[in-house]
Amino acid sequence: MSRIVTIGAAQMGPIAAHESRTQVVQRLIAHLHEASRRGCDLVVFPELTLTTFFPRWYTEDQAEIDQWFETEMPGPETQALFDAAAKLQIGFHLGYAELVEEAGQVRRFNTAILVDKNAQIIGKYRKIHLPGHAENEPWRAFQHLEKRYFETGNLGFRVFDGFGGKVGMCICNDRRWPETYRVMGLQGAELIVLGYNTPVHNPPAPEHDALGLFHNQIVMQSAAYQNGTWIVGVAKAGNEEGVPMIAGTQIIAPSGETVAMAAGEGDELITAACDLDLAASYKSTVFNFALHREPQHYGLITATKGAVSPADGVALEKSDK
Ligand code: CDV
């Protein structure tokens, strides 16, 4: 048996600060048309797809920051993307900055949605691992102020029924953490989609700079294999407002093998016919969690931020079942 989902990973080149949402959406729609020509069911766009990566700039002016956020999805400028996708009968994954009122409070998240072929939103994820810092650090060549401009996501790592399988989402820095994938793997994820904006230069650890693409590769490939899932990782790449960002957009099989990879650093669509049934070959053998995983013997695990808590560890393991 096979369940083939043809997936397009839609790498984006840089997005300038002056580029309007309407201009960006036209670039996304161009990807959708190419994806349609190649028979795609699903197109994956990057993290914060609609704008430049604004956390690189410090400001105390909240109105200045809020211009980068979407207050509705679809909204007036993104409706065209939903309309084109519905017309072409292609689903998509889109990252964006979300400003929402919840329980009488304005909240801001780094968000991604999963949209089906009829342009209905079937899943939402809000980024949990926010990298960087909350205050201005002028010694840096550029800032990374995700901890200032976003709240930690409050939706957990869930999987959604879509595209004939179980689909999970995470965003950028989440991809570096094994627990991201394991929490979704424990829910049976067969496909995990994610987008990223990763500067080549890491100000606190410049000795890592030469390893950016290697680290991108190892975290996603090992996670695919260790959880028996397809992973699609999509970059916003190239030199954006003077900050070079890695490319390396790729589609990875449950074997851990990369089956398609972007060649350049600009707008580029790569595609692969992904058989979701390949996941079972790993989930039912070496990574048969029910048969081989032994969480009751792992001892203490870190379940609260920066601390080791036996109580939380027990609670987490119980919820694994
Ligand atoms: N957007 C990100 O989350 N970027 C981080 C960088 C700052 C290290 C990443 O993990 O790629």
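Order of appearance sets the numbers: ligands from 1, and atoms from 1 within every ligand. Computed over heavy atoms, backbone and side chain alike; hydrogens, waters and symmetry mates excluded.
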Relative to the heavy atoms of [X], which atoms of ligand 1 are at a distance of less than 4.0 Å?
X	answer
Asn173	3 (O), 9 (C), 10 (O)
Glu47	1 (N)
Asn197	1 (N), 2 (C), 4 (N)
Glu146	1 (N), 2 (C), 3 (O)

Pair [X] + [Y]: basic N to acidic O under 4.0 Å:
X	Y	answer
Asp41	Lys117	yes
Glu179	Arg182	no
Asp161	Lys166	yes

How does Phe53 reach ligand 1, by side chain, by backbone, by both or by neither, if only non-hydrogen atoms under 4.0 Å count?
side chain
Ligand 1-proximal atoms of His215, by part, heavy-atom distance under 4.0 Å
neither
How close does the nearest protein non-hydrogen atom get to [atom], and which residue and atom is it?
atom	answer
atom 2 (C) of ligand 1	Cys172 SG, 2.8 Å
atom 7 (C) of ligand 1	His144 CE1, 3.2 Å
atom 11 (O) of ligand 1	Thr198 OG1, 2.6 Å
atom 3 (O) of ligand 1	Lys127 NZ, 2.8 Å

Between Glu47 (side chain) and Phe53 (backbone), is there a donor-acceptor pair under 3.5 Å?
no
May I ask you to decide if Gln11's main-chain N or O and Lys236's side chain share a donor-acceptor pair within less than 3.5 Å?
no
Would you say the side-chain atoms of [X] and [Y] include a donor-acceptor pair closer than 3.5 Å?
X	Y	result
Asn110	Glu98	no
His133	Glu135	no
Glu294	Gln296	yes

Contact between ligand 1 and His129 is defined here as a heavy atom of the residue under 4.0 Å from a ligand atom; is it met?
no
Within less than 4.0 angstrom of ligand 1, does Pro131 place any heavy atom?
yes
Taking every heavy atom of Phe69 against every heavy atom of Arg21, the minimum-distance pair comes out as O-NH2, 3.5 Å
Which is closest to atom 9 (C) of ligand 1 in terms of heavy atoms, His208, Arg56, Arg176?
Arg176
